[in-house]
Amino acid sequence: DGGITQSPKYLFRKEGQNVTLSCEQNLNHDAMYWYRQDPGQGLRLIYYSQIVNDFQKGDIAEGYSVSREKKESFPLTVTSAQKNPTAFYLCASTYTDHKGNTIYFGEGSWLTVV
Amino acid sequence: AQSVAQPEDQVNVAEGNPLTVKCTYSVSGNPYLFWYVQYPNRGLQFLLKYITGDNLVKGSYGFEAEFNKSQTSFHLKKPSALVSDSALYFCAVRDSSSGNTGKLIFGQGTTLQVKP
């Protein structure tokens, strides 16, 4: 079954702990993205990657880190430096050969601080 | 600066009536516009997009959107609403300020409530 798989669906973080959200795609897409969704604020871009072993900061990268060691995978680590990490996190991907390409999203992961 | 605005936090319609969810945009150059729908606790599902050509774009689930360059709008429409259309709708524009990165700029979202 093709698509974008995010895991886990629900994750709880203790104070001072780093946690990693997984994102895998089997669509052969070049670019991958991480967005954060908070109520009433729409989606905000955290990090994106257009090619393996390269990534760029988005609008709210502080307290987050990513890696892109494989084309299919773009994990997001929420570090202890992120003071307000409770949110819904969405991974997305697309081809980069044309600006009109559709960006597709995974089913999201909920992160809650306990 | 590039931006997308969805002026209504919520739209209420009766089942069977036509619906419109509004979106206006501000971009440099040609706009690449998208509509997505989100059901509770789910990811975003692609509905339709405008790249070029016909101003009326048809998409999934009977939705369509009208691109209006002079009014810089891209309103989402459906002739006859269903209760199952109740969801959160996002308008987005491709960020063209930094080359072809594929980044999207999203509106705040509009909650559509269809009452039986």
Side-chain angles (χ1 to χ4, degrees), chain A residues 3-10 21 23 25 27 29-51 54-61 74 87-112, chain B residues 1-10 23 25 27-54 57 59-60 67 74 87-111:
Chain A
I4 303 168
T5 302
Q6 291 187 236
S7 64
K9 181 69 176 181
Y10 300 96
L21 305 179
C23 179
Q25 54 96 3
L27 302 168
H29 284 166
D30 312 294
M32 298 185 73
Y33 310 83
W34 275 105
Y35 285 89
R36 171 177 169 145
Q37 185 177 17
D38 295 282
Q41 295 193 46
L43 279 74
R44 293 180 291 170
L45 183 65
I46 306 172
Y47 267 99
Y48 66 100
S49 168
Q50 293 179 271
I51 195 169
D54 189 41
F55 48 83
Q56 285 77 40
K57 293 181 179 179
D59 301 316
I60 56 164
F74 192 42
F88 191 51
Y89 290 87
L90 289 157
C91 179
S93 68
T94 188
Y95 294 111
T96 56
D97 59 329
H98 189 276
K99 289 183 179 181
N101 288 330
T102 300
I103 292 178
Y104 294 97
F105 286 81
E107 286 294 305
S109 294
W110 278 106
L111 174 61
T112 304
Chain B
Q2 302 182 95
S3 64
V4 175
Q6 294 180 241
E8 301 153 318
D9 289 336
Q10 182 157 327
C23 172
Y25 65 90
V27 297
S28 54
N30 294 323
Y32 295 85
L33 296 155
F34 301 79
W35 274 103
Y36 290 86
V37 60
Q38 185 179 34
Y39 295 97
N41 208 29
R42 304 290 299 276
L44 273 65
Q45 294 180 33
F46 168 71
L47 281 178
L48 51 79
K49 64 183 177 183
Y50 174 81
I51 306 301
T52 187
D54 262 345
V57 179
S60 307
F67 171 68
F74 189 55
L88 182 60
Y89 290 81
F90 286 101
C91 181
V93 66
R94 202 61 163 254
D95 183 351
S96 59
S97 64
S98 53
N100 188 17
T101 61
K103 293 189 293 180
L104 288 175
I105 299 170
F106 285 89
Q108 298 293 84
T110 298
T111 299

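Throughout, a chain's letter reflects where its sequence line sits, starting with A, and its residues are numbered from 1. Keep in mind the model is a prediction, meaning the values are calculated, not measured. Side chains are part of it too, since the values below use all heavy atoms of this structure and drop only hydrogens, waters and symmetry mates.
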- Give, for atom OG1 of A:T102 and atom CZ of B:R94, the distance between the pair rounded to the nearest 0.5 Å. 8.0 Å
- By a 4.5 Å heavy-atom criterion (distance strictly below it), what part of B:N41 contacts chain A: side chain, backbone, both, or neither? both
- Residue part contacting chain A, namely of B:I105, when any heavy atom lies under 4.5 Å: neither
- How far does NZ of B:K49 sit from CD1 of A:I103, to the nearest 0.5 angstrom? 10.0 Å
- Tell me, out of B:T111, B:D9, B:L104, B:N30, who's got the most heavy-atom pairs with chain A below 4.5 Å. B:L104
- Item | chain A contact via B:Q45 - which portion, at a heavy-atom distance below 4.5 Å | neither
- Most chain B-contacting option - heavy-atom pairs closer than 4.5 Å, from A:Q56, A:Q6, A:Q37: A:Q37
- Item | Structural part of B:Y36 lying under 4.5 Å from a heavy atom of chain A | side chain
- Query: chain B heavy atoms under 4.5 Å from A:Y89: which part of the residue, side chain, backbone, both or neither?
  - Reply: neither
- Gap separating the CZ atom of A:F105 from the CZ atom of B:R42, nearest 0.5 angstrom: 14.5 Å
